[in-house]
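All remarks here apply to the structure that follows.
All values derive from a computational prediction rather than experimental measurement.
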Amino acid sequence: MPKIAALSRERHAARRWKRYDSYAFARGAALVDVVAAELPKATMSLPLAFVRQGEGFALSAVLGLAPGRNLCVTQEGRWVGGGYIPAALRGYPFRLVRTEGDQLVLCIDEDSGLLTDDPEDEALFDDEGKPSAAITKVLEFLQQVETNRQTTARACAALAEAGVIAPWPIKVQGDEGEREIEGLLRIDEAALNQLDAETLAGLRASGALSMAYCQLLSMQHLQRLGLLAKAHAQHDEAAARQARAMLDQPEEESFEFDWDALTR
């Protein structure tokens with residue numbers, strides 16, 4: 001588990017941080033929550049699904065077809081999931097954590113490797129002990145996402161109440177045969193089309209109707225995950241062949257894999 005600590009002058013005044021240059025930290029994220037404000041861009045790049053969270057629902061970007069495996073990130077930490085990266089990943093290594101008193105506190109992952117003592121890196125606090133300009137921007141970004149999260153939750157609740165969220169049956173072929181992916185939900189288009197005018201008007205007013213259409217449109221990108229799964233398998237096999245060859249080959253050889261050619 002990452003070591004998440006509240007950002008404070010007492011603990012971090014003399015520390016520095018550097019921006020991530022790799023998405024290796026997200027390799028285990030098969031699902032990442034998205035908010036309504038992201039939909040215009042996320043819909044064009046990633047498959048979106050509803051998932052149960054507690055007694056409600058959340059909208060998530062589907063980044064993998066198995067728990068703990070993000071197909072949109074290579075072993076080298078490169079993003080290959082298309083033109084959009086979810087906001088939940090772009091705030092790293094920072095996040096907002098809600099306390100027992102319902103307060104939102106800016107925290108940092110101290111195990112991220114991005115918290116440093118290098119004077120060349122960015123300051124967390126200025127000379128007066130106030131959050132630096134860069135940290136202020138990070139906080140504003142995360143606050144915007146969190147505010148929109150409430151709007152997103154209300155829209156998901158409206159869709160659930162209208163009875164248009166249904167299981168998304170997805171089957172994938174693996175080395176051990178066909179398996180079904182469980183836990184993902186989608187919009188039941190037939191049920192949506194049968195709603196009465198008053199219910200549709202309510203969904204439109206809450207932004208839930210546009211969310212429903214975005215989710216339906218995004219489902220076409222599930223095929224990209226299949227291609228990425230094949231690309232990962234080919235990459236792993238090629239790396240294994242190279243490793244075996246190196247046992248018999250004293251000279252070091254370079255190895256590159258063209259992800260772009262396999263995901264276009």
Side-chain angles (χ1 to χ4, degrees), residues 2 19-51 53 57-95 109 112-114 138 141-142 144-145 148-149 152 156 168 170-174 179 181-187 210-211 213-239 255-264:
R19 300 177 187 271
Y20 60 83
D21 56 7
S22 164
Y23 287 94
F25 66 87
R27 281 201 299 254
L31 290 172
V32 172
D33 284 357
V34 295
V35 295
E38 299 181 81
L39 291 182
K41 293 183 178 180
T43 299
M44 306 309 295
S45 297
L46 300 165
L48 306 176
F50 297 96
V51 295
Q53 284 191 358
F57 296 89
L59 186 63
S60 295
V62 183
L63 307 181
L65 300 174
R69 182 70 183 273
N70 185 345
L71 296 171
C72 296
V73 176
T74 69
Q75 288 297 318
E76 297 76 24
R78 180 186 170 197
W79 181 265
V80 290
Y84 186 73
I85 300 166
L89 301 180
R90 287 185 278 124
Y92 190 79
F94 302 96
R95 69 172 69 174
D109 180 357
S112 64
L114 301 176
V138 169
F141 169 73
L142 293 177
Q144 290 172 2
V145 173
N148 200 248
R149 193 181 308 281
T152 307
C156 289
W168 185 358
I170 302 173
K171 294 183 178 180
V172 296
Q173 190 69 35
R179 64 180 178 87
I181 297 177
E182 299 180 349
L184 299 183
L185 305 163
R186 66 176 179 180
I187 292 296
S210 60
M211 177 184 290
Y213 289 135
C214 283
Q215 192 280 319
L216 287 169
L217 181 62
S218 77
M219 289 166 60
Q220 64 182 305
H221 301 306
L222 192 65
Q223 182 180 6
R224 174 181 289 171
L225 291 186
L227 295 175
L228 286 172
K230 292 180 180 178
H232 276 277
Q234 292 171 2
H235 175 274
D236 293 345
E237 176 58 27
F255 171 70
E256 296 182 356
F257 193 80
D258 189 353
W259 286 96
D260 294 329
L262 286 165
T263 58
R264 279 196 293 266

Can you name the side-chain contact (heavy atoms from CB on, under 4.5 Å) partners of [X], sequence neighbours left out?
| X | result |
| --- | --- |
| Ser112 | Tyr92, Pro93, Asp109, Leu114 |
| Ala58 | Asp33, Val51, Gln53 |
| Ala49 | Val62, Trp168, Leu184 |
| Val34 | Glu38, Leu48, Leu59, Ala61, Pro86 |

Between the main-chain N or O of [Y] and the side-chain N or O of [X], is there a donor-acceptor pair closer than 3.5 Å?
| X | Y | answer |
| --- | --- | --- |
| Arg78 | Ala24 | no |
| Asn70 | Ala30 | no |
| Gln220 | Leu217 | yes |
| His221 | Thr43 | yes |

For [X], check side chain to side chain donor-acceptor pair (under 3.5 Å) against everything at least two apart and list the hits.
| X | answer |
| --- | --- |
| Gln215 | none |
| Arg149 | Glu146 |
| Thr152 | none |

Atom of [X], atom of [Y] and distance for their closest heavy-atom approach:
| X | Y | result |
| --- | --- | --- |
| Val32 | Ala88 | CG1-CB, 3.4 Å |
| Arg224 | Gly81 | NH1-O, 3.3 Å |
| Ser22 | Glu76 | OG-O, 3.9 Å |
| Ser45 | Gly83 | OG-N, 3.5 Å |

Would you call [X] and [Y] a side-chain contact if the rule is heavy atoms closer than 4.5 Å?
| X | Y | value |
| --- | --- | --- |
| Ser60 | Phe50 | no |
| Leu225 | Pro47 | yes |
| Arg186 | Met219 | yes |

From [X] atom [atom1] to [Y] atom [atom2], the distance as rounded to the nearest 0.5 Å:
| X | Y | atom1 | atom2 | value |
| --- | --- | --- | --- | --- |
| Leu89 | Leu63 | CG | CG | 7.0 Å |
| Trp79 | Thr74 | CH2 | OG1 | 11.0 Å |
| Leu46 | Ser218 | CG | OG | 8.5 Å |

With Leu71, which of Val80, Leu227, Leu65 fulfils side chain to side chain contact (heavy atoms under 4.5 Å, CB included)?
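Of Val80, Leu227, Leu65, side chain to side chain contact (heavy atoms under 4.5 Å, CB included) with Leu71 is met by Leu65 alone.
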Taking only residues two or more places apart in sequence or in another chain, which ones pass salt bridge (Lys or Arg N to Asp or Glu O under 4.0 Å) with Arg90?
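Partners of Arg90 under the salt bridge (Lys or Arg N to Asp or Glu O under 4.0 Å) test: none.
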Sequence-distant partners of Arg95, salt bridge (Lys or Arg N to Asp or Glu O under 4.0 Å), two or more places apart
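If we apply the salt bridge (Lys or Arg N to Asp or Glu O under 4.0 Å) test to Arg95, skipping adjacent residues, there are no hits.
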From CA spacing to verdict: side-chain contact (heavy atoms from CB on, under 4.5 Å), Cys156, Met211:
CA-CA 8 Å; Cys156 289; Met211 177 184 290; 3.9 Å; yes
Could you give me the CA-CA distance, side-chain angles and deciding distance for Gln75 and Arg27, then say whether side-chain contact (heavy atoms from CB on, under 4.5 Å) is met?
CA-CA 8 Å; Gln75 288 297 318; Arg27 281 201 299 254; 4.2 Å; yes
Partner set under ring-ring contact (aromatic ring centres under 6.0 Å, His included) for Tyr20, not counting sequence neighbours:
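Expected list: Tyr23, Phe25.
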